[in-house]
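Take a look at the structure below.
None of the values given here were measured: they were computed from a predicted structure. Order of the sequence lines sets the chain letters (A, B, ...), proteins ahead of strands, with each chain counted from 1.
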There are 2 protein chains.
Amino acid sequence: MELLRSRGYRLTQQRRLVLDAVRELRHATPEDVFRHLRGESESVDLATVYRTLELLTELELVGHARLEGAAETYHLIDHADHVHLVCRGCGSVREAPLSVADGLAEVLRAEYDFEADLGHLVVFGRCGTCRRDNPAADDLGSIT
Amino acid sequence: MELLRSRGYRLTQQRRLVLDAVRELRHATPEDVFRHLRGESESVDLATVYRTLELLTELELVGHARLEGAAETYHLIDHADHVHLVCRGCGSVREAPLSVADGLAEVLRAEYDFEADLGHLVVFGRCGTCRRDNPAADDLGSIT
DNA sequence: ATAATTGCAAAACGTTTGCAAAAAT
DNA sequence: ATTTTTGCAAACGTTTTGCAATTAT
């Protein structure tokens with residue numbers, strides 16, 4: 001948290017609250033953070049939530065990914081970062097260690113000269129449960 | 001295109017035009033499709049573009065991915081599908097064959113019982129050019 | 001003739017911005 | 001005292017929706 005000060009930013013109550021909320025909620029949209037804090041004694045304006053998340057992203061304290069649905073979700077960058085597995089059937093989000101994509105990273109580096117940032121990777125697909133419940137995986141578009 | 005009829009949908013001029021536009025433009029936002037068609041003798045309402053893209057997605061004729069920036073982009077699902085490599089530096093989008101992620105798919109299937117749909121995969125990172133132009137890849141958050 | 005589809009206009013989102021008041025340095 | 005940061009309100013861009021007119025079947 002001294003990272004803020006060391007870069008010339010000010011350490012405010014709101015920034016503390018937003019970071020804590022992201023930590024607690026694991027995967028949270030700005031709206032999620034806003035509603036989570038509404039309950040507390042202190043509450044934080046939605047615009048401030050957006051501005052703070054942007055700042056925390058710049059400081060690389062949080063990362064974000066578009067999981068599904070409209071809004072972006074933010075999460076802490078704990079050093080053991082992860083890949084998101086999003087099931088189109090039930091919408092569940094699991095996390096897998098970055099190592100599952102080691103091969104991909106290697107190929108992209110070697111053959112495409114592309115340095116992948118896999119901490120933000122989102123893989124859509126279907127989990128085992130949904131595949132067994134509904135093997136006719138055809139008409140999924142309309143789940144929304 | 002008979003796919004539409006065979007599923008009980010009607011084959012309209014607008015649907016033909018939207019599908020053609022997606023084919024021509026390769027990666028197009030709904031707005032892109034709309035503007036592309038504005039020029040033509042026939043034009044299509046933006047709301048219709050949205051509805052049509054949703055339908056074509058359901059029929060699995062097109063796929064979509066959130067590349068960067070605000071809007072979703074749509075592309076044809078030609079059977080030789082691809083992975084998107086989006087550079088955070090210059091915003092360029094390259095395509096790599098699905099095979100680059102074979103290893104990933106395998107691990108997810110074997111260890112996570114997760115059937116990944118990699119045709120929609122988006123990998124963020126930095127291309128070689130941007131890495132060489134600006135090796136200090138630190139303060140990227142604010143590119144927007 | 002019937003039911004699906006369109007265009008239009010308006011609403012509903014998620015997100016960003018200008019500015020005066022408040023808070024951190 | 002100074003400069004950043006906040007809350008509020010209003011704007012913005014994207015997407016969705018209700019409904020009467022139109023079009024494909």
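Listed by first then second residue, pairs satisfying salt bridge (Lys or Arg N to Asp or Glu O under 4.0 Å) with a partner in residues 92-104 of chain B read Arg26(B)-Glu95(B), not counting sequence neighbours.
Closest to the side chain of Leu11(A), from the set dT5(C), dT15(D), dT25(C), is dT25(C). Counting only heavy atoms from C-beta on, Arg5(B) has its side chain closest to dT25(D) among dT5(C), dT25(D), dT14(D). With dC8(D), dT5(C), dT6(D) as the candidates, the nucleotide lying closest to the side chain of Arg15(B) is dT5(C). Distances from the side chain of Glu31(B) to the nucleotides dA23(C), dT15(C), dT14(D) place dT14(D) closest. Side chain of Thr48(A), nearest nucleotide from dT15(D), dT6(D), dT2(C): dT6(D). Residue Pro30(B) places its side chain closer to dT15(D) than to any other of dT16(C), dT6(D), dT15(D).
In terms of position along DNA chain C, the nucleotide closest to Ala47(B) lies nearer the 5' end than the nucleotide closest to the other residue of the pair Thr12(A) and Ala47(B).
The CZ-P distance, from Arg66(A) to dT14(D), rounds to 12 Å in whole Å. Nucleotide dG14(C) holds its P atom 18 Å from the CD atom of Glu54(A), rounded to whole Å. If you take CZ of Arg16(B) and P of dT6(C), they are 12 Å apart, rounded to a whole angstrom. Following rounding to the nearest Å, Asp45(B) (CG) and dG7(C) (C1') show an atom-to-atom distance of 5 Å. The separation between Tyr50(B) atom OH and dA11(C) atom C1' is 15 Å, rounded to whole Å. Protein atom CG of Leu19(B) is 16 Å distant from nucleotide atom P of dT5(C), rounded to whole Å. Protein atom CD of Gln14(A) is 17 Å distant from nucleotide atom P of dT4(D), rounded to whole Å. Distance CZ (Arg10(B)) to P (dT2(C)): 13 Å, rounded to an integer number of Å.
No N or O donor and acceptor, one from the side chain of Arg51(B) and one from the base of dT6(C), sit under 3.5 Å apart.
Nucleic acid contact class of Leu46(A) (heavy atoms, under 4.0 Å, all strands): base. Within the nucleic acid shown, Gln13(A) has no heavy atom closer than 4.0 Å to any nucleic acid atom. Using a 4.0 Å heavy-atom distance criterion, Glu72(A) is classed as a sugar-phosphate-only contact.
The distance from atom CG of Leu76(A) to atom CG of Leu61(A), rounded to the nearest 0.5 Å, is 8.0 Å.
Between Arg51(B) and Asp45(B) there is no salt bridge, since no side-chain N of the basic residue sits under 4.0 Å from a carboxylate O of the acidic one.
Between His75(A) and His84(A), the two ring planes are perpendicular [angle over 60°; tilted spans 30° to 60°]. Ring geometry for His64(A) against Tyr74(A) counts as tilted: the plane angle lies between 30° and 60°, on a 0 to 90° scale.
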